[in-house]
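Reviewing the structure listed below.
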Amino acid sequence: MIAIGCDHGGYELKLEIMKYLEEKGLEYRDFGCDSTASVDYPVYGKAVAGAVASGECEKGILICGTGIGMSIVANKVPRIRCALCSDCFSAQATREHNDTNVIALGARVTGPGLAIKIVDTWLNTPFSNDERHIRRIGMIEE
Ligand code: RB5
């Protein structure tokens with residue numbers, strides 16, 4: 001199960017990403033928001049990050065205008081490793097190296113076509129399981 005959430009700045013892109021998830025047959029739970037009316041991104045960032053941290057969802061996707069606010073919020077939640085991505089190289093590397101469980105996207109930065117390729121790359125790249133990366137991830141939580 002994938003958790004997905006956005007603020008008003010990310011709402012339109014979230015619809016595109018949910019369409020992609022449906023086409024791929026991937027189950028998701030939408031944590032809001034539900035329109036382009038102005039809302040506070042920490043509400044939705046905490047909801048998605050919390051669902052991933054609790055194990056209710058395996059991964060999370062967060063979208064706001066820049067992706068920055070959402071990534072700050074998500075990374076404050078214990079057990080969450082969130083990467084703000086605007087390119088496919090980073091999306092692949094952050095799965096292989098950081099085993100990120102949440103991705104943040106900026107809808108005012110990254111167009112829908114690229115954003116979907118980024119999400120596709122991130123969802124389909126496994127963690128490397130390399131000893132050095134396991135060690136470094138462990139050090140984050142110390
Ligand atoms: C909302 O205007 C904007 O601040 C928000 O979407 C996000 O970019 C925050 O980091």
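None of the values given here were measured: they were computed from a predicted structure. First listed ligand is number 1; within each ligand, the first listed atom is number 1.
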(request) Compute the shortest N/O to N/O distance between Gly69 and ligand 1 and return yes if it is under 3.5 Å, no if not. (result) yes

(message) Under 3.5 Å between any N/O of Gly65 and any N/O of ligand 1: does that happen in this structure?
(response) yes

(request) For atom CD of Glu58, decide whether the heavy atoms of other residues, nucleotides or ligands shown that lie under 6.0 angstrom number more than 12. (result) no

(request) Indicate, as side chain, backbone, both or neither, the part of Thr66 found under 4.0 angstrom from ligand 1 when only non-hydrogen atoms are considered. (result) both

(message) Could you check whether any heavy atom of Arg108 sits closer than 4.0 Å to an atom of ligand 1, since that is the contact criterion I want to use?
(response) yes

(message) Taking 4.0 angstrom as the limit and counting only heavy atoms of Asp7, give me the atoms of ligand 1 inside it, by number and element.
(response) 1 (C), 5 (C), 6 (O)

(request) Could you check Asn98, Asn101, Ile134 and say which one makes a side-chain contact (heavy atoms from CB on, under 4.5 Å) with Phe127? (result) Ile134

(request) In plain terms, say whether Arg135 and Glu131 are close enough for a salt bridge, that is, a side-chain N and a carboxylate O under 4.0 Å apart. (result) yes

(message) Students should be able to answer this: which protein heavy-atom is nearest to atom 7 (C) of ligand 1, and at what distance?
(response) Cys64 SG, 3.4 Å

(request) For His8, counting its heavy atoms only, list the atoms of ligand 1 lying under 4.0 Å from any of them. (result) 1 (C), 2 (O)

(message) Please tell me if atom 4 (O) of ligand 1 is touched by the protein, where touching means a protein heavy-atom distance below 4.0 Å.
(response) no

(message) Would a single hydrophobic cluster contain both Met18 and Ile2, if residues Ile, Leu, Val, Met, Phe, Trp and Tyr are joined by side-chain heavy-atom contacts under 4.5 Å?
(response) yes

(message) Under a 4.0 angstrom heavy-atom cut-off, which atoms of ligand 1 come close to Tyr41?
(response) 9 (C)

(request) Start with the C-alpha distance between Tyr20 and Leu123, add both sets of side-chain angles, then the distance that settles side-chain contact (heavy atoms from CB on, under 4.5 Å), and finish with yes or no. (result) CA-CA 12 Å; Tyr20 152 85; Leu123 288 175; 4.0 Å; yes

(message) Testing Asn124, Ile103, Thr100 one by one against Arg95 for a side-chain contact (heavy atoms from CB on, under 4.5 Å), which residue passes?
(response) Thr100

(message) Test side-chain contact (heavy atoms from CB on, under 4.5 Å) on Ile61 and Leu105; report intermediate values, then the result.
(response) CA-CA 8 Å; Ile61 300 170; Leu105 299 156; 4.2 Å; yes

